[in-house]
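The next block holds one structure in the form of structure tokens; read it before the comments.
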Amino acid sequence: MDLSKLLTPAAVRVMGQMTSKKRLFQELGEIASQAYGLTAAMAIDGLQERESLGPTGVGNGIALPHARLIGLEKITGIFLRLEKPLDYESVDRQPVDLVFCLLAPKDSGVDHLKALALVSRTMRDAGICAKLRANSDVSKLYAILTESKAPQAA
């Protein structure tokens with residue numbers, strides 16, 4: 001599995017200012033609708049439900065919101081680079097500027113976990129994150145994410 005199987009260029013965006021996590025989830029829902037034909041409300045509800053279990057801000061300016069949705073056929077991803085970092089209630093209390101959202105079928109089981117692990121490994125790579133933060137062109141962001149080889153788990 002690699003990120004090019006999860007992410008489409010239409011789901012990579014650079015956004016200005018997000019006023020809240022709720023607004024971020026609304027934007028992710030709208031992108032899921034546009035890029036993958038999902039119902040925005042279903043994506044938003046799934047993300048908010050998962051977030052209520054605990055924040056998905058993993059630290060170092062990175063958030064990995066994710067949800068399992070009924071009716072979704074395959075695991076999909078959305079990447080946002082925020083020009084103005086958002087207070088996300090992350091584990092390290094630092095604001096977030098890189099957001100990689102995963103939406104998976106309700107019954108995806110281990111495939112969802114594998115995709116989440118792949119995204120997590122990729123986003124833990126300081127070099128990749130530096131490149132993502134240094135670029136505003138969505139085609140370059142997509143290339144950085146899909147061409148980079150994430151470090152393999154030990």
Side-chain angles (χ1 to χ4, degrees), residues 1-48 50-51 56-86 88 90 95-106 108 110-153:
M1 180 183 296
D2 62 53
L3 290 182
S4 65
K5 302 275 191 265
L6 305 175
L7 191 63
T8 179
V12 176
R13 306 272 174 90
V14 175
M15 307 294 300
Q17 180 175 352
M18 285 288 146
T19 53
S20 67
K21 193 186 297 189
K22 181 179 179 181
R23 180 67 195 117
L24 174 68
F25 289 170
Q26 289 171 341
E27 190 65 41
L28 290 169
E30 290 169 24
I31 295 168
S33 174
Q34 295 164 4
Y36 301 113
L38 302 177
T39 305
M42 185 170 55
I44 295 164
D45 291 346
L47 291 169
Q48 289 176 332
R50 167 56 190 87
E51 197 71 16
T56 54
V58 297
N60 297 318
I62 300 163
L64 305 177
H66 54 280
R68 294 183 191 213
L69 306 175
I70 295 171
L72 188 58
E73 293 183 20
K74 70 176 208 140
I75 300 171
T76 59
I78 300 167
F79 176 79
L80 298 179
R81 185 175 78 71
L82 304 178
E83 291 177 338
K84 184 173 187 297
L86 170 68
Y88 196 88
S90 297
V96 162
D97 65 340
L98 300 177
V99 178
F100 200 117
C101 172
L102 271 182
L103 301 172
K106 192 74 165 175
S108 59
V110 74
D111 288 336
H112 172 77
L113 297 177
K114 285 180 181 179
L116 196 55
L118 171 64
V119 169
S120 179
R121 278 193 308 273
T122 302
M123 299 307 291
R124 274 196 316 254
D125 184 311
I128 292 172
C129 289
K131 289 178 188 175
L132 292 170
R133 288 183 170 114
N135 282 284
S136 294
D137 181 290
V138 293
S139 61
K140 287 182 183 174
L141 294 173
Y142 179 78
I144 291 164
L145 288 165
T146 57
E147 292 173 4
S148 58
K149 298 297 177 208
Q152 297 300 308

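If you're wondering where the values come from, they're calculated on a predicted model, not measured in any experiment. Here, residue 1 is the first one in the sequence, and each next residue gets the next number.
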Passes side chain to side chain contact (heavy atoms under 4.5 Å, CB included), L132 versus M123? Steps please. CA-CA 10 Å; L132 292 170; M123 299 307 291; 4.0 Å; yes
Is there a side-chain contact between [X] and [Y] (heavy atoms, below 4.5 Å)?
X   : Y    : value
T39 : S33  : no
L28 : I44  : no
R50 : F25  : no
D2  : T146 : no
R81 : L98  : yes
I31 : R13  : yes

Working note: Q48 + K22, criterion side chain to side chain contact (heavy atoms under 4.5 Å, CB included); need CA distance, chi angles, decisive distance, verdict. CA-CA 8 Å; Q48 289 176 332; K22 181 179 179 181; 3.7 Å; yes
Which atom names give the shortest non-hydrogen contact between [X] and [Y], and what distance separates them?
X    : Y    : result
D97  : P85  : CB-CG, 4.1 Å
L69  : M42  : CD2-O, 3.6 Å
A32  : A43  : CB-CB, 4.2 Å
G77  : A11  : O-CB, 3.4 Å
L141 : N135 : CD2-O, 3.6 Å
L6   : A115 : CD1-CB, 4.0 Å

With side chain to side chain contact (heavy atoms under 4.5 Å, CB included) as the criterion, how do V14 and V138 come out once you've worked through the C-alpha distance, each side chain's angles and the decisive distance to 0.1 Å? CA-CA 7 Å; V14 175; V138 293; 4.2 Å; yes
Evaluate the side chain to side chain contact (heavy atoms under 4.5 Å, CB included) criterion for residues S4 and Y142: first the C-alpha distance (whole Å), next the side-chain angles of each, then the deciding distance (0.1 Å), finally the verdict. CA-CA 9 Å; S4 65; Y142 179 78; 4.2 Å; yes
Taking [X] for the side chain and [Y] for the main chain, is one N or O donor matched with an acceptor at less than 3.5 Å?
X    : Y    : answer
Y36  : K74  : no
T122 : L118 : yes
D137 : S139 : yes

Parallel, tilted or perpendicular: ring planes of H112 versus H66, cut at 30 and 60 degrees: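 H112 and H66: tilted rings.
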Rounded to the nearest 0.5 Å, what separation is found between the [atom1] atom of [X] and the [atom2] atom of [Y]?
X    : Y    : atom1 : atom2 : result
M18  : L80  : CE    : CG    : 6.5 Å
I128 : R121 : CD1   : CZ    : 11.0 Å
L103 : R68  : CG    : CZ    : 12.0 Å
K21  : L86  : NZ    : CG    : 8.0 Å
D111 : L116 : CG    : CG    : 12.5 Å
S108 : I75  : OG    : CD1   : 5.0 Å

Can you spot which of V96, L47, T19, V99 makes a side chain to side chain contact (heavy atoms under 4.5 Å, CB included) with L24?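 The passing option is V99.
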Apply the side chain to side chain contact (heavy atoms under 4.5 Å, CB included) test between Y88 and each candidate in P65, P95, S20; give the one that qualifies.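 Of the listed options, the one satisfying the test is P65.
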